[in-house]
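For reference, the structure discussed in these notes is given below.
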Amino acid sequence: MNEWITVMQARKWMKKNESFLPIWHAYVGSELDLFDEFETARTIDVISEKTGYPMDLLSSWVKVGVAVKHLKKRPGGRYRTSKKHCASLMGERSSPGVKALLKEMMELHIPTLLQYPDIMRSLERAEFDHDRHGEVVAETSALLEHFAMKKIMKTLRDKDIDTVIDLGCGNGCYLRKLAATYPSVRMIGVDINQKVIESARAASEGYPNIEFVVGDVHDWNPEDRKADVVLLHNLFHYIHPDERSGLLEQMHGYVKPDGLISVITPMNETMYGEAFSSAFNSFFVAHSNLFALPDKAELERVTNKSNYDLFDLDPIVKEGSWYTCWLSPSSPVQEARQTGTDSREQVPVSAGESAWTRSS
């Protein structure tokens, strides 16, 4: 091949990789609190002496920061953090969500995707470490639930709600928001990760109507009552596709006949966020204990097989292909269980209708 063509092809790919630099720089600065160190104009040697970070490494990080506009060069060899670009990573104004996303991307997603050649050659997949990464994943998952808050709040406001169960509750942020508005509603959070549950309990000490339990969603059951609403948020990719309908079938045991299940999940092969969702799916399938995202056809098939009505399937974060929907126990199926006949064929359900809407 002509050497000039070789050089130009390499140059083209190099330019594509420039977009990685701001992410890397932000991650390092966030992890080491360097944006706070340079909140006021300082020289590199002053910060190196204060923090103990090697002068040459710190100097290289600073120069990248100037190039990507995260830092501004000032007279006298000083540098200052750009509040315009990095306010979300600084001090009291910092965003836990942004920091969690950076951490998840740089410590989980990118390293796993870089292992693809080895994984495909060896046929040995990675294993997701729940103890190590559970808390940061819980943090990023909680971000998505904010987009569904309005829908959940409306449901609790319109109906006489007694109990809400959050399966895979993470750090309990969502339950705390609900509990603050509905202090008389019993909230139960369930998560398999002991550390995450301990963190949720500590953060929820001021909410007497919330309780957290360590449990596997595959076999956990509430001891004393059924739920009006169950939250099933960002959980499908932790469950093997062959076991998803079984989980939903098990939930018939503790979801009231007129209850609801709130589902949030990234979806595969949709008209929105194809690049992100395909990369996200690649991350999941590279693990032995994480699983492919559902597509619309699978979600409909699983819920139908498990005897639920699915309705209000809508994207809540289009660029990430995250969707929300409701499931409700099919009333005709409840009758079928009692009579031994499949009365779903005799009692058709119109589009958007559910057992919940029929009982209203």
Side-chain angles (χ1 to χ4, degrees), residues 138 141-142 145 148-192 196-197 200-201 204 207-236 238-239 243-265 299 302-303 306-312 324-335 337-338 354-360:
S141 294
E145 293 174 329
M149 177 64 74
K150 184 176 180 180
K151 180 184 287 189
I152 302 291
M153 285 291 193
K154 184 178 186 301
T155 298
L156 269 65
R157 184 173 61 248
D158 293 347
K159 298 294 181 179
D160 184 18
I161 302 296
D162 175 72
T163 303
V164 175
I165 295 174
D166 188 355
L167 296 180
C169 64
N171 61 17
C173 178
Y174 201 67
L175 288 183
R176 286 191 293 276
K177 290 183 179 297
L178 295 177
T181 304
Y182 301 96
S184 62
V185 175
R186 184 186 181 191
M187 310 277 178
I188 304 173
V190 184
D191 201 284
I192 197 172
V196 169
I197 287 294
R201 285 172 179 161
S204 307
Y207 299 87
N209 58 322
I210 305 180
E211 60 182 285
F212 293 98
V213 296
V214 178
D216 188 330
V217 298
H218 291 285
D219 53 33
W220 179 85
N221 279 287
E223 297 178 354
D224 56 353
R225 69 178 75 181
K226 291 191 174 185
D228 301 286
V229 176
V230 175
L231 310 182
L232 197 64
H233 294 175
N234 295 300
L235 204 60
F236 278 141
Y238 292 104
I239 302 169
E243 299 176 351
R244 289 168 182 169
S245 61
L247 171 63
L248 293 176
E249 288 169 4
Q250 175 190 326
M251 292 170 64
H252 277 290
Y254 55 88
V255 179
K256 292 181 179 179
D258 61 348
L260 277 179
I261 299 173
S262 169
V263 174
I264 297 177
T265 184
L299 187 61
V302 166
T303 54
S306 308
N307 299 326
Y308 287 92
D309 296 327
L310 184 155
F311 58 102
D312 288 350
T324 180
C325 68
W326 290 112
L327 308 181
S328 68
S330 304
S331 291
V333 171
Q334 301 300 324
E335 180 182 343
R337 289 180 171 179
Q338 296 172 6
S354 68
W356 185 283
T357 56
R358 283 194 297 268
S359 66
S360 301

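The model shown is predicted, which means the values in this text are computed figures rather than measured ones. Starting from 1, each residue takes its place in the sequence as its number.
Aromatic ring pairs are classed by plane angle as parallel below 30°, tilted from 30° to 60° and perpendicular above 60°; the pair Tyr254 and Trp220 is perpendicular.
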Worksheet item: Under the side-chain contact (heavy atoms from CB on, under 4.5 Å) criterion, do Met153 and Leu178 qualify, and how do the steps go?
Response: CA-CA 7 Å; Met153 285 291 193; Leu178 295 177; 3.9 Å; yes

Item to complete: I would like to know whether Leu167 and Met251 meet side-chain contact (heavy atoms from CB on, under 4.5 Å); could you show each step before the answer?
Response: CA-CA 11 Å; Leu167 296 180; Met251 292 170 64; 4.0 Å; yes

Discussion item. Evaluate Leu299 against Cys325 for side-chain contact (heavy atoms from CB on, under 4.5 Å), listing each step before the verdict.
Written reply: CA-CA 10 Å; Leu299 187 61; Cys325 68; 4.3 Å; yes

Worksheet entry | From CA spacing to verdict: side-chain contact (heavy atoms from CB on, under 4.5 Å), Phe212, Val196 | CA-CA 10 Å; Phe212 293 98; Val196 169; over 6 Å; no

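Considering every non-hydrogen atom in both Cys169 and Ile197, the closest pair reads SG-CD1, 3.8 Å. Taking all atoms of both residues into account, the shortest heavy-atom contact from Phe236 to Arg244 is O-NH2, 2.9 Å. In this structure, Asn221 and Gln250 approach most closely via the heavy-atom pair ND2-NE2, 3.9 Å. Minimum heavy-atom separation, Gly259 to Ser328: O-CB, 3.6 Å. Nearest heavy atom pair, residue Leu235 against residue Gly168, reads CD1-CA, 4.1 Å. When all heavy atoms are compared, the tightest approach of Ser184 to Asn209 is N-ND2, 4.4 Å.
Between Val217 and Ile192, the closest side-chain pair of non-hydrogen atoms is not below 4.5 Å. When side chains are defined from C-beta on, Lys226 does not count as touching Asp162, because their heavy atoms never get closer than 4.5 Å. The closest side-chain heavy-atom distance from Leu231 to Tyr174 is below 4.5 Å. Residues Ser245 and Ser306 have side chains in contact (heavy-atom distance under 4.5 Å, counting atoms from C-beta outward). Considering only heavy atoms from C-beta on, Lys177 stays 4.5 Å or farther from Ile152 through its side chain. Side-chain contact between Tyr207 and Leu175 is absent, with no heavy atoms from C-beta onward closer than 4.5 Å.
With a 6.0 Å radius and a threshold of 12 heavy atoms from other residues, nucleotides or ligands, Asp160 has its CG atom at or below the threshold.
For Thr324 (side chain) and Val263 (main-chain N/O), a donor-acceptor pair under 3.5 Å exists by modelled atom type.
With rounding to the nearest 0.5 angstrom, the CG atom of Asp228 is 11.0 Å from the NZ atom of Lys159. Separating the CG atom in Asp309 from the CD1 atom in Ile261 is a distance of 11.0 Å, to the nearest 0.5 Å. Distance check: Leu232 CG to Leu260 CG gives 13.0 Å after rounding to the nearest 0.5 Å. Residue Ile165 holds its CD1 atom at 11.5 Å from CE of Met187, rounded to the nearest 0.5 Å. One distance of note links CG of Asn234 with OG1 of Thr265; it measures 6.5 Å at 0.5 Å rounding. The distance from atom OH of Tyr308 to atom CG of Leu248, rounded to the nearest 0.5 Å, is 5.5 Å.
Donor-acceptor pairing under 3.5 Å is recorded for the side chains of Arg176 and Ser204.
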